[in-house]
Amino acid sequence: MEATGRTALYVCSVLFVLTEVSSELIHIPSSVHHGIEGKSMLLSVETRFPLDDVEIQGTWSYTRPSGSRTTLVTFTKETSIPDMTYRNHLLFREPNVSLLILKLNQDNEGDYYLKLNIAFHNKTGLVIKEERTVHVTVDVPVSTPVIEKRPSYAVVEDKANVTWTCSVERGTRVVFHWLRDNVTLGPSDRYHFSQDNSTLLINPVRKDDKGTYHCVASNAVSQGQHSRAVELNVYLCRYTDELAWFYGPYNLEVNSGQGLRTGEVFTINPGELVFFECQADSNPPNSYVWIAKSRNATQVITEGPRLEVLSYRLAQAEEYLCRAFNNVTQKQDEAQFTLVVASLGTGKEKHTQEGSSVSPLAAITVCSLFFIGFILLFFLRRTCHPKRVLMSIYNRPLTEQKRPHRSGHEDATEDFGIYEFVSIPGKMESAQASCRSLARLESVQDMHTTIYDVIRHVPETPSHSLLK
């Protein structure tokens, strides 16, 4: 009995030693490896025994998701024999038993199985078997997700539902999460998720659903990628006739505090930064869209009630459109206007002298009128100059001087008498009569532009001195 007890104790001691040795001979840091498509992956194996004291023999094999199995490489401490099909995709360097996979692709996914036999030199006949399995996945990193909301406008409480969708351009085995005001959302009686969590349906919408939403996309090789934040506005309805409290848009108009407005045309200086405001009466507030029109084509510029335009050309005409939409009444209105870029005579323009208070057009007009007036005055003086007319009458032949005059006298001597000069501005016929009545009066000076007439006072008894 004592001998039997000793034998059993010896066997248990050997088994304990072998189990302890076996559990520490090799170690793989992780049984699951997540690889990135196009990158390399190292299936690292840590050996916890001196390689000089052992002989090793082993294989690396690969099992596809379909179940088929292929031996990749067979090796000893001195040599290795890779499978010819995979030798350009694998790297194995003895005596280390780790395996490097080059340029991962989807075909490299599966289970990699390591089988290793270890024989110690000092323990003749003792061969220890080690087996390890590593699961490998290959994924594409996730791109920034894009979030969408339908409908895009605000909704009325208990009258509508909202559908959120989250999508990515790149990424495999993507996992989606939804956040409202940075709090994770989960399924509920009103919150319904698709199988892959990429879609969230809120039905019906309540006031508690109002807030900022965004989605997060991730996979095994990508940390969470956040989408942009999108607001959800919910309008309350607490009246018997709810829609009676909603109206618009009415009285839509576009205004700007800059430039010059003429009807639906706004004129601004070249290079000037201009802001336009689109306003309309509406409840709830409108959604605004600014549209540029050119050659029967339209393009959405921006959203919101404010438009910023920077003109960079000297002369141009652009047509714009502001469209207001009421999300509740489902009505819309449009206001169109034209933007013209031209110099407005301010100090900002390049073609006007700095500090000048008179516009070029006004200066040209004044100069032209002055020149025309000067020409008319010159020709008027040449036509009826008093000195020139008097001299022409004085130098006439005697027969011509004795012609009957308009005064009714037959001889020039009848013209003697006392005369009075009376000015009559602007009367040409009187001017001509005055010129003929001033004959032989050499002392008459230049009368410039004033026309004079003569009134004769004949004395009752003519003086002989006046006849000489």
Side-chain angles (χ1 to χ4, degrees), residues 256-272 274 311-319 337-397 400-401 403-409 412 415 417-457:
S256 176
Q258 297 146 295
L260 177 65
R261 179 173 184 175
T262 305
E264 302 303 324
V265 178
F266 292 86
T267 304
I268 62 173
N269 284 297
E272 185 177 3
V274 183
S311 174
Y312 56 89
R313 289 179 286 179
L314 180 62
Q316 64 174 348
E318 299 287 345
E319 290 188 359
F337 65 96
T338 303
L339 179 61
V340 178
V341 179
S343 298
L344 295 177
T346 63
K348 296 180 181 179
E349 61 188 57
K350 300 179 181 179
H351 305 288
T352 305
Q353 292 185 354
E354 186 176 357
S356 176
S357 61
V358 181
S359 65
L361 181 60
I364 294 173
T365 303
V366 172
C367 293
S368 300
L369 292 175
F370 179 78
F371 180 74
I372 293 172
F374 179 79
I375 296 298
L376 291 176
L377 178 61
F378 176 76
F379 280 105
L380 181 61
R381 292 185 60 186
R382 286 181 59 90
T383 304
C384 185
H385 193 285
K387 279 186 177 183
R388 205 169 287 164
V389 173
L390 292 173
M391 294 303 296
S392 63
I393 297 175
Y394 181 78
N395 295 327
R396 286 185 301 178
E400 185 177 351
Q401 294 181 15
R403 289 180 181 175
H405 298 279
R406 291 183 183 179
S407 59
H409 301 287
D415 295 332
I418 299 173
Y419 293 84
E420 179 182 356
F421 289 85
V422 180
S423 63
I424 305 176
K427 193 172 182 181
M428 186 59 68
E429 294 180 357
S430 300
Q432 295 175 357
S434 302
C435 293
R436 287 191 291 269
S437 302
L438 294 176
R440 298 185 183 91
L441 297 179
E442 298 179 357
S443 62
V444 178
Q445 300 297 325
D446 187 6
M447 292 178 290
H448 301 286
T449 60
T450 305
I451 307 301
Y452 291 88
D453 204 348
V454 180
I455 300 177
R456 179 190 176 203
H457 301 275

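All heavy atoms count here, side chains included; hydrogens, waters and symmetry mates do not. From a predicted model like this one, the values you see are computed outputs, not experimental measurements.
Sorted by first and then second residue, the salt bridge (Lys or Arg N to Asp or Glu O under 4.0 Å) pairs with a member in residues 257-270 read Arg261-Glu264; sequence neighbours excluded.
Every side chain to side chain contact (heavy atoms under 4.5 Å, CB included) that Ile372 has, sequence neighbours left out, goes to Leu376. Considering only residues two or more places apart in sequence or on other chains, Glu319 meets the side chain to side chain contact (heavy atoms under 4.5 Å, CB included) condition with Lys293, Gln336, Thr338.
Across Pro270 and Val341, no two heavy atoms sit closer than the pair CA-CG1, 3.5 Å.
Of the inter-residue distances, the one linking Ile268 atom CD1 with Leu260 atom CG reads 11.5 Å to the nearest 0.5 angstrom.
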